[in-house]
Amino acid sequence: MAGNTSTPGVTVAARLLSIIAAFDEQHRSLALSELAQRAGLPLPTTHRLAAELVTGGALERRTDGRFEVGRLLWSAGLLAPVEGKLRQVAEPFLHDVYAATMATAHLAIREGAEVLYLERMMGRTSVPIVSSAGSKLPMHCTGVGKVLLAHAPKEIQDQVFASLTRVTPFTIVAQPVLAGQLERVRRDGVATTNEEMSLGACSLAVPVVRASDGTVAAAIGVVVPNLKRDRQRLLGALQVAARGIGRLL
């Protein structure tokens with residue numbers, strides 16, 4: 001049996017997962033009605049299951065009644081293999097990049113047709129930053145995204161090219177232009193953006209290549225106000241870090 005549910009065939013586990021999945025980067029706290037709507041569940045069912053998740057530590061309920069992800073889910077998420085080894089290996093190298101550049105440094109991988117940010121170290125420069133650890137962003141308008149897209153399977157590239165969206169006036173949405181950029185990324189081993197994800201922010205990124213088999217495991221990048229100054233210093237710091245991470249992977 002699927003359990004006591006108003007929707008035949010929907011298990012209790014599936015309904016609990018739908019509640020957890022209702023939270024994302026843009027929805028970090030939800031009122032009960034919002035949670036029910038995003039989970040696609042009746043309000044009484046959401047109330048009962050959310051209360052059980054709060055009791056178990058998977059969710060937290062604030063004094064104003066809104067729900068947030070709890071410490072149990074946060075702790076469990078840190079054990080995910082995709083974050084474990086890579087984050088552990090990359091963290092000291094990202095510290096080196098930050099120390100050398102004082103810029104916000106990112107570590108990211110591809111998840112489907114999006115960029116998944118595994119780590120972010122904030123720099124001191126006042127630059128608009130929209131990413132955070134655990135967040136996802138489009139591939140075609142971020143530096144790390146372009147690196148990962150350039151080395152993605154053709155079906156992923158086709159999927160991204162079919163749905164290019166303009167985030168800022170400078171976002172590249174012309175397929176031939178983006179295709180040319182990706183070819184240069186594969187040739188030169190570096191990707192750049194110029195206010196394509198957020199105004200006032202430019203990025204520089206390089207691939208992390210596994211020394212064992214030559215595959216691209218991740219991308220690391222920095223976000224700065226502009227790339228007209230210190231480009232070579234930024235690129236050098238990223239390349240040294242990427243080689244170090246790739247050797248240890």
Side-chain angles (χ1 to χ4, degrees), residues 24-29 87 90-91 93-152 160-161 163-185 188-208 218-242:
D24 60 22
E25 182 68 15
Q26 287 74 43
H27 303 86
R28 291 177 175 266
S29 71
R87 289 180 73 248
E91 186 172 3
F93 292 98
L94 285 183
H95 276 294
D96 290 344
V97 171
Y98 170 76
T101 66
M102 292 298 169
T104 297
H106 288 132
L107 169 71
I109 61 172
R110 180 179 62 84
E111 185 169 281
E114 294 180 299
V115 177
L116 173 60
Y117 288 82
L118 299 185
E119 190 66 82
R120 184 191 72 175
M121 294 186 180
M122 286 290 289
R124 297 178 182 176
T125 309
S126 179
V127 179
I129 303 293
V130 296
S131 63
S132 63
S135 66
K136 295 180 183 179
L137 290 176
M139 302 183 78
H140 68 288
C141 51
T142 56
V144 289
K146 288 184 180 181
V147 168
L148 298 169
L149 182 59
H151 296 278
V160 172
F161 272 63
S163 57
L164 296 176
T165 55
R166 191 180 299 279
V167 182
T168 77
F170 303 102
T171 305
I172 305 300
V173 293
Q175 294 187 11
V177 176
L178 181 60
Q181 289 187 348
L182 298 183
E183 180 59 36
R184 288 191 292 274
V185 171
D188 301 334
V190 57
T192 62
T193 65
N194 184 16
E195 298 187 287
E196 297 172 38
M197 186 69 226
S198 58
L199 297 177
C202 303
S203 63
L204 187 72
V206 301
V208 173
I220 59 173
V222 292
V223 180
V224 292
N226 65 74
L227 295 173
K228 295 179 181 179
R229 297 186 307 169
D230 297 330
R231 178 185 171 117
Q232 285 306 118
R233 182 171 63 88
L234 296 170
L235 180 57
L238 287 172
Q239 289 174 331
V240 169

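For the single chain, residues carry numbers from 1 onward in sequence order. Only this structure's heavy atoms are used, side chains among them; waters, hydrogens and symmetry mates stay out.
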Discussion item. Working note: K136 + V115, criterion side-chain contact (heavy atoms from CB on, under 4.5 Å); need CA distance, chi angles, decisive distance, verdict.
Written reply: CA-CA 5 Å; K136 295 180 183 179; V115 177; over 6 Å; no

Is there side-chain contact between H106 and V223, with at least one heavy-atom pair below 4.5 Å? yes

Closest non-hydrogen contact found for T101 with V97 is OG1-O, 2.7 Å

Nearest heavy-atom approach of L234 to L204 is CB-CD2, 3.8 Å

d(R120 CZ, T104 OG1) to nearest 0.5 Å is 7.0 Å

Checklist line | Side chain to side chain, V173 and T165, heavy atoms closer than 4.5 Å | finding: no

Interatomic distance, CG@L148 vs CD@E114, rounded to 0.5 Å, equals 12.5 Å

Legend entry - Full working for side-chain contact (heavy atoms from CB on, under 4.5 Å) between L182 and F161: CA-CA 12 Å; L182 298 183; F161 272 63; 3.8 Å; yes

*Distance-only, no hydrogens or angles: does the D230 side chain make a donor-acceptor pair with backbone N or O of R233 under 3.5 Å?*
no

Output for pair (M139 CE, L178 CG), nearest 0.5 Å, gives 10.0 Å

Taking C-beta and beyond as the side chain, do P169 and L199 meet within less than 4.5 Å on heavy atoms?
yes

Test side-chain contact (heavy atoms from CB on, under 4.5 Å) applied to M121 and H95, step by step = CA-CA 8 Å; M121 294 186 180; H95 276 294; 3.4 Å; yes

Closest non-hydrogen contact found for V144 with G221 is CG1-N, 3.8 Å

Interatomic distance, CG@D96 vs CG@L238, rounded to 0.5 Å, equals 11.5 Å

Closest non-hydrogen contact found for E111 with L116 is OE1-CD2, 3.5 Å

The residue among H140, R166, K146 that forms side-chain hydrogen bond (donor to acceptor under 3.5 Å, both in side chains) with E196 is K146

Between P207 and A242 the two heavy atoms that sit nearest each other are O-CB, 3.4 Å

Taken to the nearest 0.5 Å, the spacing of L118 CG from I220 CD1 works out to 12.5 Å

(message) Using side-chain contact (heavy atoms from CB on, under 4.5 Å), reason through Q175 and L164 one step at a time and then give a plain yes or no.
(response) CA-CA 8 Å; Q175 294 187 11; L164 296 176; 3.9 Å; yes

When you measure from the side chain of T193 to the backbone N and O of T142, does any donor-acceptor pair fall under 3.5 Å? no

For A100 and A237, the nearest pair of non-hydrogen atoms, with its separation, is CB-CB, 4.2 Å

Rounded to the nearest 0.5 angstrom, the CG-SG distance for L149 and C141 is 10.5 Å

Donor-acceptor contact present, side-chain R231 to main-chain N226, <3.5 Å
no

Check your understanding: Taking side chain as C-beta onward, heavy atoms only, is L107 less than 4.5 Å from Y117?
Key -> no

